[in-house]
2 protein chains.
Amino acid sequence: MTAQFARPLSLAVSTVIFSLRRGADDSMVLSLPLVRRIRAPHKGVWALPGGPLGPDEDLAQAAGRNLRDTTGLEPRYLEQLYAFGQPDRSPDNRVVSIVYWALVGGDESATNFDDENVQWFAADNLPPLAFDHGLIVEYALWRLRNKLEYSRLAHGFLEPKFTLAQLRRVYEAVLQRRLDPGNFRRMVETSGQVVPTGEHLAGTKHRPPQLYRFNTAQGLIDPDPLTVRTTLTQPGVAS
Amino acid sequence: MTAQFARPLSLAVSTVIFSLRRGADDSMVLSLPLVRRIRAPHKGVWALPGGPLGPDEDLAQAAGRNLRDTTGLEPRYLEQLYAFGQPDRSPDNRVVSIVYWALVGGDESATNFDDENVQWFAADNLPPLAFDHGLIVEYALWRLRNKLEYSRLAHGFLEPKFTLAQLRRVYEAVLQRRLDPGNFRRMVETSGQVVPTGEHLAGTKHRPPQLYRFNTAQGLIDPDPLTVRTTLTQPGVAS
DNA sequence: GCAAAAGTGTTATTCTTACACCCATGA
DNA sequence: TCATGGGTGTAAGAATAACACTTTTGC
């Protein structure tokens, strides 16, 4: 069962990290951090953060650790995306990459990185990427948009307390289309995934909006069997 | 980047294979083939078919090859399920398994296997499984049921020409609930995924039903970016 | 004719969507 | 008072679901 060949096979874990960052005109921009490769192949080209799997590490742990190490950020959500294993995806070695995707809060991603080889990019304006990472990001974006619509994934982008307009802007930035405020309010209220706190946000130059929080009592709607297990064993991650 | 540890890491590719087999009372039973392990660990226990990744093999190719080798069956559909990598999922070595799931036609699965260590089991009545394969099958079942509802996955179970009642029975067997024949007909007709051939099935002791075929002109509804690529490069698999 | 499944029609209900309009605040 | 977004109401249209009914065959 052990894989041993002339061409050595290595296993890597990479992560597509998403955040909503404040744009020039105060809009929200879906962004992700990339690292510049400092060695061949594809030296100098931007790529997804990634690294090897530790000897006693779970795959998700490896993704989380690598995320923290290279970006200094803490994931609010972490989910496996796909395993990529085309024989020719790396020119030299045979590399199978198990790719995760993650969400981090907008505040944590506000500052830039110390390392000039790590940088934020807008999701709709990426540089050319190394290996098959362009396809990987494309797939991660598709998954993010799909999953947002039938799960309460958006809390990964927000603070514990938020207004419904903030939540709506998360949806609009990710899905890249305007949503009717009234209908959005009803949609999210009837879903039961959100609870009003009674508090109101002051200081706006209009009617003070109510603050909401996510309903921790209610789980996901129709969670898959893997999510059920992981949330029971390690709450907080992979909700 | 190469993973080299005291405890050797091996990469395996396994597959959950689904088929609809004829049950005792002529009903359709969702079934899957399992192989009995002939060595430790878990010697004698039933497990998913699987094996190592070949040096120049794509992950999906490895899954398909292994499927043909151990069961003699040809996959009609093949999709990656998940990568499992818990450090303790195998008692001895560290094994990361990239698991695929597949559909094979009911006719191909009609006969039993020559090898007594390969056997069909009903999906809702499985024996205890080795490693974490029980969880894997549970997840594969969840994916199959979910995906059936928004894709034309059912053709993996059927012949090129079929009646709408046969198609409905596929749905009923997989989803494990009765569907209204009239509503089902309209649902599937308006979806445009199916085309009437004009031919009729004779020999029934009631009104002869029309034969349909799947609409090859129309692609999947909202296919993910990976599926788009694979269907363009190798049509037939992973539709 | 009778049974059985094919195939069609009809209606109630729920979900979605568009959009009008009132409310509460700062300037 | 006005501008601005918060928040509510409403009604048309689409999708869903339950079920009655007609059609065409074999026996």
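Just so we're clear, the structure is a prediction, and the values are computed from it rather than from any experiment. First the proteins, then the strands, lettered A, B, ... as listed; each starts at 1.
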Do B:W120 and B:F113 have ring centroids that are under 6.0 Å from one another?
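Yes, the ring centres sit under 6.0 Å apart.
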
Measure the distance from [atom1] on [X] to [atom2] on [N] and round it to the nearest whole Å.
X      : N      : atom1 : atom2 : value
A:H200 : C:dT25 : NE2   : P     : 9 Å
B:E149 : D:dA15 : CD    : P     : 17 Å
A:D180 : D:dA11 : CG    : C1'   : 14 Å

Other residues, nucleotides, ligands: >12 heavy atoms within 6.0 Å of A:D114 CG
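No, CG of A:D114 has 12 or fewer neighbouring heavy atoms, counting only those of other groups under 6.0 Å.
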
Scan [X] against the nucleic acid and name what it touches under 4.0 Å (heavy atoms): base, sugar-phosphate only, or nothing.
X      : answer
A:A165 : sugar-phosphate
A:G203 : nothing
A:T163 : nothing

Hey, does the side chain of A:S19 reach the backbone of A:V104 with a donor-acceptor pair shorter than 3.5 angstrom?
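Yes, A:S19 side chain to A:V104 backbone: donor-acceptor pair under 3.5 Å.
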
A:G182 or A:P208: which one's nearest nucleotide on DNA chain C is closer to the 5' end?
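Closer to the 5' end of DNA chain C: A:G182.
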
Residue met sooner reading DNA chain C from 5', once B:P209 and B:K205 are mapped to nucleotides:
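It is B:K205, whose closest nucleotide lies nearer the 5' terminus.
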
Quiz item: A:R186 side-chain donor-acceptor pair to D:dG9 base, under 3.5 Å:
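In this structure, the two groups form a donor-acceptor pair.
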
Between B:E172 and B:R168, does any side-chain N to carboxylate O distance fall below 4.0 Å?
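Looking at B:R168 together with B:E172, the answer is yes, because their closest N to O distance falls below 4.0 Å.
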
Under 4.0 Å from OP1 or OP2 of C:dG7: is there any side-chain N or O of B:R185 that close?
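Result: yes.
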
Taking the nucleotide of DNA chain D with the closest heavy atom to each, which residue, A:N183 or B:T204, is nearer the 5' end?
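Of the two residues, A:N183 wins.
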
